[in-house]
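Below, all heavy atoms of this structure are taken into account, side chains as well, without hydrogens, waters or symmetry copies. Residue numbers start from 1 in every chain, and the chains themselves are labelled A, B, ... in the order their sequence lines are given, proteins ahead of strands.
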2 protein chains.
Amino acid sequence: MTTPAADWLRLDQQICFSLNAASRAFGGVYRVILKDLGLTYPQYLVMLVLWEHGELPVKRLGEHLRLDSGTLSPLLKRLEAAGLVQRERSAHDERSVRVRPTGEGLALRERAAEVPRRIAAATGFDLDEIQDLRARLDRLTAALDSATP
Amino acid sequence: MTTPAADWLRLDQQICFSLNAASRAFGGVYRVILKDLGLTYPQYLVMLVLWEHGELPVKRLGEHLRLDSGTLSPLLKRLEAAGLVQRERSAHDERSVRVRPTGEGLALRERAAEVPRRIAAATGFDLDEIQDLRARLDRLTAALDSATP
DNA sequence: CGCAATTGAGTTGTGCGCAATTGAATTGCT
DNA sequence: AGCAATTCAATTGCGCACAACTCAATTGCG
């Protein structure tokens, strides 16, 4: 039994819609949880990378997060204004700007430590389910990326 | 064997990041495919709902898409400027604005018919995998929504 | 060496997504 | 009927995402 051709355009059959809805639902949960830290969700992602890798150029940051300078430049400016990161031109390559967490930025890590647990609790999924879903999504992303050169 | 506490903040363990990345990867694919139709991805979602339901108020549209008037009002204005939809105040409830596809908007449905197939092809997933993933994501969204009242 | 091509940040412009607010219309309650 | 509470759309303001562009620094090639 196959799906009638007319139904292919039904909203509830579009995987991208479910994906988009889930992504925005996550946004809502993060907004609540991150409000205490004074971070938006994309800012939180940037801090995650900085906590993990320490100082690194905007370019590398963008590679980790799949974001370009058009998104990162203003975002980093806001993080700098908030006192969480510092930016300075690299000495031996004046094109590159290196970003590193300030003391305050590093201190924030302690307060962020409980965020993943609170998020996991909000999903109602157990760890195996989350890992499995992550794996599928990463495979999907890779396929979609290779389909758009 | 458990994950060290410090690793809980690792980017590659955050389900939300995989979700966000997949959502944006889809955005890239849709951008390419929808360019011919002159639609953005959110505009395409609106047209899907209108093709399926015909005329309906902004409120209902928002319920289908989980979007509020702050997002829909300007988006619908652009669709109206493009000649794809018409808006008019409801006769028996002057607060409500009813949206319906124009002839041109309805005609676009034919050209959009092949979009889902092209998207499905780009994912590299078979139909069962897509259905399964959709179901998981919808369950996730429901859980996240109920966690933020 | 000298100059073209490339690289890295930043800026501009457009379009979401969402909170907060406004203002008009409607409903509900007494 | 009269008035408060609610509902609906629109607007404002902010932040992200991305394309297109600028500009300076660097690389590479002849």
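With sequence neighbours excluded, the residues that form a salt bridge (charged side-chain N to carboxylate O under 4.0 Å, His left out) with B/E55 are B/R98, B/R100. Partners of A/F125 according to the ring pair (Phe, Tyr, Trp, His ring centres under 6.0 Å) rule, which considers only residues two or more places apart in sequence or in another chain, do not exist here. By the salt bridge (charged side-chain N to carboxylate O under 4.0 Å, His left out) test, A/E104 is found to be paired with no residue, residues two or more places apart in sequence or in another chain being considered. Listed by chain and number, the residues in a side-chain contact (heavy atoms from CB on, under 4.5 Å) with B/R117 amount to none (sequence neighbours excluded).
Residue A/L19 comes nearest to B/S23 through the heavy atom pair CD2-N, 4.0 Å, listed as atom of the first residue, atom of the second, then distance. Between B/H64 and A/F17 the shortest heavy-atom distance is O-CZ, 3.4 Å. Heavy-atom minimum distance, A/L72 versus A/V58: CD1-O, 3.9 Å. Of all non-hydrogen atoms in B/I33 and B/R118, the two that sit nearest each other are CD1-CB, 3.7 Å. Across all non-hydrogen atoms, the minimal contact from A/L76 to A/V85 is O-CG2, 4.0 Å. A pairwise comparison of heavy atoms in B/R24 and A/L67 identifies NH1-CD2, 3.2 Å as the closest pair.
When base pairs are accepted only as Watson-Crick or G-U wobble with both N-N or N-O distances under 3.5 Å, DNA chain D takes part in stems of 3 or more pairs at C:1-30 with D:1-30.
In this structure, B/L39 and B/M47 have side chains that are in contact, with non-hydrogen atoms separated by less than 4.5 Å. Using a 4.5 Å heavy-atom threshold, the side chains of B/P116 and B/I119 count as separate. Under the 4.5 Å side-chain criterion, counting only non-hydrogen atoms from C-beta, B/L106 is not in contact with B/T102.
Salt bridge A/K77/A/E80: absent, no basic N to carboxylate O contact under 4.0 Å.
Applying the salt bridge (Lys or Arg N to Asp or Glu O under 4.0 Å) test to every pair with at least one member in residues 136-149 of chain A, sequence neighbours left out, gives these pairs: A/R66-A/D145, A/D132-A/R136, A/R134-A/D138, A/R136-B/D132, A/R139-B/E129.
Judged by distance alone, the side chain of B/T123 and the main-chain N or O of B/A120 form a donor-acceptor pair under 3.5 Å. In terms of modelled atom types and a separation under 3.5 Å, the side chain of A/R89 and the main chain of A/R95 share a donor-acceptor contact.
Shown for residues 67-74 of chain A: residues whose heavy atoms fall under 4.0 angstrom of DNA chain D, namely A/L67, A/G70, A/T71. Taking a 4.0 Å limit (strictly below) on heavy-atom distances, residues 53-64 of chain B reaches DNA chain D at B/P57, B/V58, B/K59. Proximity of residues 20-43 of chain B to DNA chain C (heavy atom under 4.0 angstrom from any strand atom) is restricted to B/T40, B/P42, B/Q43. Remark: A/R95, A/S96, A/V97 in residues 93-100 of chain A come within less than 4.0 Å of DNA chain C through at least one heavy atom. Using a 4.0 Å cut-off on heavy atoms, the residues of residues 75-87 of chain B that approach DNA chain D are B/K77, B/R87, listed by number.
Nucleotides of DNA chain C with any atom under 4.0 Å from a heavy atom of chain B span, from 5' to 3', C/dG15 to C/dT26.
Between B/W51 and B/Y44, the ring-plane angle classifies as perpendicular under the 30° and 60° cut-offs.
Each of B/V99, B/L84, B/L75 was evaluated against B/V46; a single residue qualifies, B/L75, per the side-chain contact (heavy atoms from CB on, under 4.5 Å) test. Partner of B/L56 under the side-chain contact (heavy atoms from CB on, under 4.5 Å) criterion, out of B/K59, B/E52, B/H53: B/H53 alone.
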